[in-house]
Amino acid sequence: MSDNDFDFDLFVIGTGPGGEGAAMQARKGGLRVGIAERYRQIGGGCTHWGTIPSKALRYTITNTMNVLKNPIFRELGIHTTPTMEQLRRGTAEIIAKQVTMRQSFYDRNSVPIYFGHARFVDDHTVEIENGETIRSKAFVISTGTRPYRPPEVDFDHPRIFDSDTILDLPEKPGSITIYGAGVIGTEYASMFRNIGVKINLVNTRGKLLEFLDDEIVDALSYHLRDQGVVIRHNETFDRIEGQDDGVVLHLQSGKQIKTDVLLWANGRTGNTDDLGLEAIGLVPNKRGQLDVDEQFQTAREHIYAVGDVIGYPSLASAAYTQGRAAGMHVLGRKDGNLRVKDLPTGIYTSPEISSVGQTERELTEKRIPYEVGQSQFKSLARAQIMGTTVGMLKILFHRETLKILGVHCFGANASEIVHIGQAVMDSEDLTLEYFVETTFNYPTMAEAYRVAALNGYNRLF
């Protein structure tokens, strides 16, 4: 077939970070690109239901409560409790700014947006729900995920929420049960505890966020409990009973927990069930996710998938990089020189967590001789000034070559701080000595790298 037989060289389904990354990369490379979005605005779940609104709400809660707890405001007799509506007020404005900005990317690069649900008709054709048919040489599926909703849970009950609907909580509850202690569950536990809500965090596993460094997990567990969060490990729900005055969670262990509302935060499902995948011979797994190779190609080599719809790590940052990598592969660049495996985690609990590279557990299993350098935030002048002394930075490095093997941070601004370590870890030439020899501004949080590096260096003999 000639190019004239196709409307586009690449057609993208979904305008979240993955779709945007793929569309912009391919367009910058000179391809004809179009994109479909089933929601009334672009941006995907990241902009409208997940990352942006939840992090905006967290920021507002943290700042507001810090102000209200300030001794000066107490002395002035300022005692007030903000409503959920007040705390949410700024979120809509931020979302609108994100949509406007992202719309400008498509307009500026002449990428048409087709609003409506897209379904595959055959290998090279999709149909938009308004009846329009589009033919393309290649496709990128970036449709994201939605909260998993088991059929036996009544999500129509006004006191039972999932991670999409919890953002519209009409008023602050006195207590909440969060079922599922993954990233979303722990983030919301922190957020609601900061505004004084009693929290029951029910974990189906033996410890929180098992993929993190053990010391960071221990610190998170301690500080959540110290803030008053009740954590219950190794529990599985039997049934959820919505009542007029609350929700009762019945656990298989025989326990019963009653709170004002319940947040279901246990698992997500890929948005693949209405894409017409049967027409192109693609079969998603039981979680609705698509399997891809290292180039993000599905079983059909001209059809790619990126972002949450392919599963781990399910991060907006990763989705964008994956989209760009897929776009590069469509352009014929096998190696886009993108660090698709070098992904920092950012978990916006209070305090927040971020890490990149290997954990102590992984290095021990691989028998790699490493050493640890630590810096406690309570010893940093900047942390003392800001009143954010809870936290630590941990550098893992090879005790012979001094190469950085992993960076793990817990505390204020962790998701920003980690990138300094990431840059040094990825460098061919730089080692732990970079942090020892470099002058950091004083007082700063970044100074933690010098403190941690010297701490680790002094362990060598």
Side-chain angles (χ1 to χ4, degrees), residues 10-27 33-39 41-55 95 98-99 102 105-106 111 113-114 117-120 126 136 138-148 163-164 182-184 267-275 277 280 282 284-300 302-330 336 338-347:
L10 177 67
F11 193 76
V12 181
I13 304 175
T15 61
E20 181 185 304
M24 293 304 128
Q25 190 69 48
R27 186 71 190 102
V33 180
I35 195 164
E37 175 54 60
R38 69 174 182 176
Y39 188 56
Q41 292 181 315
I42 61 170
C46 168
T47 300
H48 296 283
W49 307 284
T51 306
I52 297 300
S54 66
K55 304 314 172 273
I95 291 172
Q98 285 282 313
V99 170
R102 298 190 181 288
F105 299 159
Y106 294 103
V111 176
I113 303 169
Y114 294 81
H117 189 84
R119 292 179 187 82
F120 283 96
V126 293
S136 179
F139 293 89
V140 170
I141 298 171
S142 55
T143 49
T145 59
R146 62 185 184 276
Y148 168 64
S163 57
D164 283 356
V183 172
I184 293 172
R268 296 184 69 82
T269 302
N271 292 321
T272 53
D273 45 349
D274 197 20
L275 276 180
L277 295 182
I280 54 174
L282 288 183
N285 64 23
K286 63 181 181 180
R287 289 175 174 245
Q289 299 162 344
L290 291 168
D291 294 325
V292 294
D293 63 14
E294 289 198 348
Q295 307 293 345
F296 302 101
Q297 290 172 292
T298 65
R300 309 307 304 270
H302 70 292
I303 300 176
Y304 298 74
V306 298
D308 288 13
V309 77
I310 66 171
Y312 181 83
S314 297
L315 296 168
S317 53
Y320 193 84
T321 304
Q322 291 168 355
R324 287 189 59 211
M328 286 179 172
H329 196 259
V330 174
L338 292 173
R339 300 179 182 277
V340 292
K341 289 186 170 63
D342 174 30
L343 300 171
T345 58
I347 301 168

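This one's a predicted model, so the numbers in the text were calculated from it and none came from an experiment. The first residue in the sequence is number 1, and the count goes up from there.
Scored by the side-chain contact (heavy atoms from CB on, under 4.5 Å) test, Asp273 finds Arg146 as partners (sequence neighbours excluded). Shown here are the side chain to side chain donor-acceptor pair (under 3.5 Å) partners of Asp274, two or more places apart in sequence or in another chain: Arg119. Partners of Gln25 by side-chain contact (heavy atoms from CB on, under 4.5 Å), not counting sequence neighbours, listed by chain and number: Arg324, Met328, Arg333. Checked against side chain to side chain donor-acceptor pair (under 3.5 Å), Thr269 has no partners two or more places apart in sequence or in another chain.
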From CA spacing to verdict: side-chain contact (heavy atoms from CB on, under 4.5 Å), Val292, Gln322: CA-CA 11 Å; Val292 294; Gln322 291 168 355; over 6 Å; no

Residue pair Phe120, Ile141: steps toward the side-chain contact (heavy atoms from CB on, under 4.5 Å) verdict: CA-CA 11 Å; Phe120 283 96; Ile141 298 171; 3.9 Å; yes

Trace of the side-chain contact (heavy atoms from CB on, under 4.5 Å) decision for Glu20 with Tyr106: CA-CA 9 Å; Glu20 181 185 304; Tyr106 294 103; 3.5 Å; yes

Verdict with supporting geometry, Gln41 and Thr47, side-chain contact (heavy atoms from CB on, under 4.5 Å): CA-CA 10 Å; Gln41 292 181 315; Thr47 300; over 6 Å; no

CA sep, side-chain torsions, deciding dist, call: Tyr304, His329, ring-ring contact (aromatic ring centres under 6.0 Å, His included): CA-CA 10 Å; Tyr304 298 74; His329 196 259; 5.7 Å; yes

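Minimum interatomic distance between Pro344 and Leu315 (heavy atoms only, all atoms of both residues): O-CD1, 3.7 Å. The two residues Thr51 and Ala316 make their nearest non-hydrogen contact at OG1-CB, 4.1 Å. Scanning both residues, Ala26 and Val33, for their nearest heavy atoms gives CB-CG2, 3.8 Å. Nearest heavy-atom pair across Leu275 and Ala118 is CD2-O, 3.5 Å. Considering every non-hydrogen atom in both Gly50 and Ser54, the closest pair reads O-OG, 2.7 Å. In terms of heavy-atom proximity, Thr145 sits nearest to Val309 at CG2-N, 4.2 Å.
When side chains are defined from C-beta on, Asn271 counts as touching Arg38, because their heavy atoms get closer than 4.5 Å. Pro147 has its side chain within reach of Arg268: a pair of non-hydrogen atoms, C-beta onward, lies under 4.5 Å apart. When side chains are defined from C-beta on, Thr345 does not count as touching Pro313, because their heavy atoms never get closer than 4.5 Å.
Between the CD1 atom in Ile303 and the CG atom in Leu290 there is a gap of 9.5 Å [rounded to 0.5 Å]. Note that CG of Leu282 and OG1 of Thr298 are 4.5 Å apart. Values are rounded to the nearest 0.5 Å. Residue Ile35 holds its CD1 atom at 7.0 Å from CD1 of Ile113, rounded to the nearest 0.5 Å. In this structure, the separation between CD1 on Ile310 and OG1 on Thr272 is 13.0 Å, given to the nearest 0.5 Å. To the nearest 0.5 Å, the span separating CZ on Arg300 from CD1 on Ile280 amounts to 7.0 Å.
Formation of a donor-acceptor pair under 3.5 Å by the Ser142 side chain with backbone atoms of Val306 is not found in this model. When atom types are taken as modelled, the side chain of Arg102 and the backbone of Ile42 share no donor-acceptor pair closer than 3.5 angstrom.
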Indicate every side-chain donor-acceptor pair of residues 10-17 with a distance under 3.5 Å to a residue at least two apart or in another chain.
residue, atom, partner, partner atom, Å
Thr15, OG1, Glu37, OE1, 2.5
Thr15, OG1, Gly43, N, 2.9

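Neither side chain, Tyr39 nor His48, offers a donor N or O lying under 3.5 Å from an acceptor on the other.
Sequence neighbours left out, not one pair with a member in residues 306-319 passes side chain to side chain donor-acceptor pair (under 3.5 Å).
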